[in-house]
Amino acid sequence: AQFNQYLTSILHLAPATLSGYNVCPKASQGCAASCLNTAGRGRFDSIQLARLNKTKRFFEDKTNFINDLIKDIAALERKAKRELKKPVVRLNGTSDIQWEKLKIVLGKTIFELFPNVQFYDYTKIFTRLLSDLPANYHLTFSASESNETECLQALELGYNVAMVFKTMPEK
């Protein structure tokens with residue numbers, strides 16, 4: 001597959017240590033220690049402030065947060081159509097929110113509102129893999145130093161498992 005056929009967007013939120021809201025309920029010690037929150041553009045103060053404000057808004061002003069999210073995804077979808085690309089959205093760039101459980105407008109999930117958008121995420125919440133996920137939502141299970149059994153179960157269920165390495169192992 002050619003990567004230039006996709007138009008992607010990622011929602012980043014702030015970790016509990018900054019926002020006071022735990023957006024990653026299964027974060028292990030290793031995960032928290034190596035959080036991607038400050039990777040790449042996340043190292044800039046303006047980005048950190050934006051992530052903090054978005055996180056607080058998600059919890060304290062959810063209606064307006066969701067309205068803005070819907071506008072942003074609709075704009076991405078229009079732009080992708082103009083550019084003849086497939087719109088792809090990762091809602092949990094630096095979080096692990098169970099979006100499939102959130103009925104956000106008229107009893108519908110974000111996935112139902114945007115059936116032509118491909119959504120994807122990484123998760124450490126194993127039970128998410130056992131639920132009936134929308135067809136336009138792909139999950140990859142995230143390995144940590146403390147969930148090997150769940151990783152093996154995820155593989156048995158046919159899911160991909162992502163692992164982070166400091167140096168590449170031989171096998």
Side-chain angles (χ1 to χ4, degrees), residues 1-15 19 21-27 31 35-37 39-42 44 46-143 154-155 157-164:
Q2 291 183 333
F3 295 106
N4 63 356
Q5 66 189 1
Y6 303 102
L7 185 62
T8 62
S9 184
I10 302 175
L11 172 64
H12 290 282
L13 299 177
S19 69
Y21 295 104
N22 187 1
V23 295
C24 297
K26 294 285 188 175
C31 180
C35 182
L36 293 176
N37 181 52
R41 292 181 36 196
F44 297 113
S46 60
I47 300 296
Q48 287 296 303
L49 182 60
R51 290 179 184 179
L52 179 63
N53 288 337
K54 278 188 265 184
T55 306
K56 287 183 175 183
R57 196 161 186 233
F58 176 80
F59 288 96
E60 298 170 11
D61 187 12
K62 194 167 280 178
T63 299
N64 285 316
F65 177 94
I66 293 298
N67 288 339
D68 286 346
L69 179 63
I70 288 169
K71 287 177 193 171
D72 289 346
I73 295 173
L76 178 79
E77 193 173 32
R78 288 190 304 273
K79 182 177 181 185
K81 187 174 183 177
R82 284 192 309 272
E83 296 180 9
L84 303 175
K85 295 182 178 184
K86 173 78 176 168
V88 182
V89 174
R90 181 175 173 194
L91 295 170
N92 285 319
T94 46
S95 58
D96 200 356
I97 294 168
Q98 297 182 66
W99 290 96
E100 66 275 14
K101 291 185 175 182
L102 296 179
K103 306 291 185 186
I104 58 173
V105 175
L106 299 174
K108 292 186 175 186
T109 66
I110 195 78
F111 313 110
E112 292 168 310
L113 292 175
F114 294 98
N116 297 317
V117 174
Q118 177 62 54
F119 293 87
Y120 74 103
D121 277 318
Y122 296 79
T123 187
K124 281 192 177 72
I125 304 171
F126 180 77
T127 54
R128 294 180 77 190
L129 307 181
L130 303 175
S131 61
D132 190 21
L133 295 171
N136 61 336
Y137 191 38
H138 182 273
L139 284 178
T140 295
F141 193 68
S142 292
L155 290 169
L157 291 170
Y159 283 91
N160 295 330
V161 175
M163 293 184 143
V164 177

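Quick caveat: nothing in here was measured; it's all calculated off a predicted structure.
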| Roughly how far, to the nearest 0.5 Å, is the OG1 atom of Thr63 from the CD1 atom of Ile104? | 10.5 Å
| task | Please report the closest heavy-atom contact between Val117 and Phe119, naming both atoms and the distance. | result | O-CD1, 3.5 Å
| message | Parallel, tilted or perpendicular: which one describes the rings of Phe59 and Tyr21, with boundaries at 30° and 60°? | response | parallel
| query | What distance separates Arg128 CZ from Lys101 NZ, expressed to the nearest 0.5 Å? | reply | 9.0 Å
| task | Please answer whether the main-chain N or O of Asn136 pairs with a side-chain N or O of Gln118 as donor and acceptor at a distance below 3.5 Å. | result | yes
| said: Please evaluate residues Ile97 and Leu102 with respect to the criterion side chain to side chain contact (heavy atoms under 4.5 Å, CB included), reporting the C-alpha separation (whole Å), side-chain torsions for both, the decisive distance (0.1 Å), and the verdict. | reply: CA-CA 9 Å; Ile97 294 168; Leu102 296 179; 4.0 Å; yes
| query | So among Tyr120, Trp99, Tyr122, which one has a side chain to side chain donor-acceptor pair (under 3.5 Å) with Asn92? | reply | Trp99
| note | Between Pro134 and Glu100, the two heavy atoms sitting closest are CD-CB, 4.3 Å
| Does Asn160 reach the main-chain N or O of Thr140 with its side chain, forming a donor-acceptor pair under 3.5 Å? | no
| field | For Glu77, salt bridge (Lys or Arg N to Asp or Glu O under 4.0 Å) partners two or more places apart | value | none
| When rounded to the nearest 0.5 angstrom, what is the spacing between CD1 in Ile66 and CD1 in Ile110? | 6.0 Å
| said: For a 4.5 angstrom cut-off between non-hydrogen side-chain atoms, does Leu11 reach Lys54? | reply: yes
| said: Please report the interatomic distance OH(Tyr6) to CD(Glu83), rounded to the nearest 0.5 Å. | reply: 15.0 Å
| task | Count the heavy atoms belonging to other residues, nucleotides or ligands that lie under 6.0 Å from CZ of Phe126, then report whether that count exceeds 12. | result | yes
| said: How close do Ala80 and Leu7 get, counting heavy atoms only, and between which atoms? | reply: N-CD2, 3.6 Å
| query | Would you say the side chain of Phe114 lies within less than 4.5 Å of the side chain of Ile70, judging by non-hydrogen atoms? | reply | yes
| Taking every non-hydrogen atom, the tightest pair across Pro87 and Leu76 | CB-CD2, 4.2 Å
| field | Side-chain (Lys56) to main-chain (Asp61) donor-acceptor, under 3.5 angstrom | value | no
| task | Please report the shortest heavy-atom distance between Tyr137 and Leu139, naming the atom on each side. | result | OH-CD2, 3.6 Å
| Value rounded to 0.5 Å, distance of CG in Asn53 from CD in Glu60 | 10.0 Å
| task | Please answer whether the main-chain N or O of Ala162 pairs with a side-chain N or O of Ser142 as donor and acceptor at a distance below 3.5 Å. | result | no
| Is there a donor-acceptor pair closer than 3.5 Å between any side-chain N or O of Asp96 and the backbone N or O of Lys124? | yes
| query | Taking C-beta and beyond as the side chain, do Val89 and Asp72 meet within less than 4.5 Å on heavy atoms? | reply | no
| query | Does Phe58 have Lys62 sitting over its ring (NZ/CZ under 6.0 Å from centre, angle to axis within 45°)? | reply | yes
| So Arg90 and Asp121, side chain to side chain contact (heavy atoms under 4.5 Å, CB included) or not? Walk me through it. | CA-CA 6 Å; Arg90 181 175 173 194; Asp121 277 318; 3.2 Å; yes
| remark: Closest non-hydrogen contact found for Asn64 with Arg57 is CB-NH2, 3.0 Å
| said: As an exercise, state the distance from CG of Asn67 to CG of Leu69, rounded to the nearest 0.5 Å. | reply: 9.5 Å
